[in-house]
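Below: the structure, in structure tokens.
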Amino acid sequence: MTMTEQPAGPTEKESACCARHDDRAARHGAEPPEPPEPARDRVNRRWNEILQETRVTQTGVQILFGFLLSVAFTPLFRELETPDKVIYVMTVVFGASATGSLIAPVSIHRFLSGQRMKDEVVEAAGRLMVCGMVLLALTIGCTLLLILRFVVPGVLAEVLVGGVMLWFGLCWYVLPLRLRRRAARRAQDEQD
């Protein structure tokens with residue numbers, strides 16, 4: 001039988017299997033599981049996802065870093081007190097480090113392209129992206145602190161920045177980790 005002559009519907013065995021998965025998915029309020037993804041397709045998909053994420057974060061960090069570099073050349077910069085200059089220096093260093101981390105996957109890919117190391121490239125790029133996101137959060141927090149110290153009196157600036165950083169931590173790290181744990185528990189329940 002050729003490929004075009006195969007039956008269009010699932011076999012009895014496949015139907016029973018799918019019904020069992022659909023039943024579990026309905027009980028857990030989740031979608032039915034997707035078919036297994038070949039390793040090569042998975043690594044290619046993960047690499048494409050990293051490229052998309054890198055494009056988004058690189059643009060933001062580069063704009064922010066450019067803004068930070070220009071601040072030192074404004075007349076108001078000379079009037080900054082020492083603590084504000086320290087915050088500025090930390091902010092620029094965090095911004096430069098974030099830029100390096102978020103652009104590094106491109107460099108790694110370029111140097112290792114054709115070496116049949118895509119698994120390693122994807123793993124390293126993913127870690128650099130996480131590192132870059134931490135540094136980007138610190139850059140944004142320090143930038144916000146530097147600006148709010150001029151605008152808001154007293155310790156309110158530090159309190160507001162602390163609240164924003166807490167929000168970043170919840171959105172960027174706690175929520176994804178919680179969702180990952182929930183998915184792992186759901187997968188474990190389905191196996192049992």
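Remember, predicted model here, so these are calculated numbers, not experimental data. Values below: every heavy atom of this structure, side chains too, minus hydrogens, waters and symmetry copies.
Across all their heavy atoms, K85 and F77 have their closest contact at CE-O, 3.7 Å. Across M165 and A137, no two heavy atoms sit closer than the pair CE-O, 3.2 Å. Residues T91 and T139 share a closest heavy-atom pair of CG2-O, 3.7 Å. The two atoms that bring A98 and V61 nearest to each other are CB-CG2, 3.7 Å, heavy atoms only. Taking both residues in full, the closest heavy atoms of A96 and F65 are given as N-CE1, 3.5 Å, listed atom of the first, atom of the second, then distance. The two atoms that bring S101 and L135 nearest to each other are OG-CD1, 3.7 Å, heavy atoms only.
Between the side chain of Q62 and the main chain of T99, no donor-acceptor pair closer than 3.5 Å is present. In this structure, the side chain of Y88 engages the main chain of L68 through a donor-acceptor pair within 3.5 Å. Side chain of T74 to backbone of S70: no donor-acceptor contact under 3.5 angstrom is found.
One hydrophobic cluster holds both L128 and L51 under the rule that ILVMFWY side chains link at heavy-atom gaps under 4.5 Å. Taken together through direct or relayed side-chain contacts under 4.5 Å among Ile, Leu, Val, Met, Phe, Trp and Tyr, L102 and V130 form parts of separate hydrophobic clusters. Using a 4.5 Å cut-off between side-chain heavy atoms of Ile, Leu, Val, Met, Phe, Trp and Tyr, with links allowed through other members, F94 and L80 fall into the same hydrophobic cluster. Following chains of ILVMFWY side-chain contacts shorter than 4.5 Å, one cannot reach V92 starting from I103, and the two form parts of different hydrophobic clusters. Each of I87 and V159 belongs to its own hydrophobic cluster when Ile, Leu, Val, Met, Phe, Trp and Tyr are linked at side-chain heavy-atom distances under 4.5 angstrom.
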Notebook entry, point to check: Yes or no on salt bridge (Lys or Arg N to Asp or Glu O under 4.0 Å) for E123 and R127, after CA distance, side-chain angles and deciding distance?
Noted result: CA-CA 6 Å; E123 183 69 29; R127 289 176 188 228; 3.0 Å; yes

Notebook entry, point to check: Where do I147 and T143 land on the side-chain contact (heavy atoms from CB on, under 4.5 Å) test, with the steps shown first?
Noted result: CA-CA 6 Å; I147 292 169; T143 303; 4.0 Å; yes

Checklist line | Verdict with reasoning, V56 to Q52, per side-chain contact (heavy atoms from CB on, under 4.5 Å) | finding: CA-CA 7 Å; V56 171; Q52 292 300 326; 6.0 Å; no

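Rounded to the nearest 0.5 Å, atoms CG (L112) and OG (S107) are 8.5 Å apart. Going from atom CD of Q58 over to atom CD1 of I63 covers 11.5 Å, rounded to the nearest 0.5 Å. With rounding to the nearest 0.5 angstrom, the CZ atom of R46 is 10.0 Å from the CD atom of E53. Note that the OG1 atom of T57 and the CE atom of M133 stand 6.5 Å from one another [nearest 0.5 Å].
In this structure the side chain of E120 never reaches within 4.5 angstrom of the side chain of Q115, judged on heavy atoms. Under the 4.5 Å side-chain criterion, counting only non-hydrogen atoms from C-beta, T54 is in contact with I50.
Grouping Ile, Leu, Val, Met, Phe, Trp and Tyr residues whose side-chain heavy atoms lie under 4.5 Å apart, directly or via other members, places L179 in a hydrophobic cluster with L175.
For E49 and R45, the salt-bridge test passes: some basic side-chain N is under 4.0 Å from an acidic carboxylate O.
Within 6.0 Å of atom CZ in F150, more than 12 heavy atoms from other residues, nucleotides or ligands are found, so the atom counts as buried in its surroundings. At most 12 heavy atoms of other shown residues, nucleotides or ligands fall within 6.0 angstrom of atom CZ in R178.
Under the salt bridge (charged side-chain N to carboxylate O under 4.0 Å, His left out) criterion, the residue pairs touching residues 144-163 are D84-R149, R149-E158, with sequence neighbours excluded.
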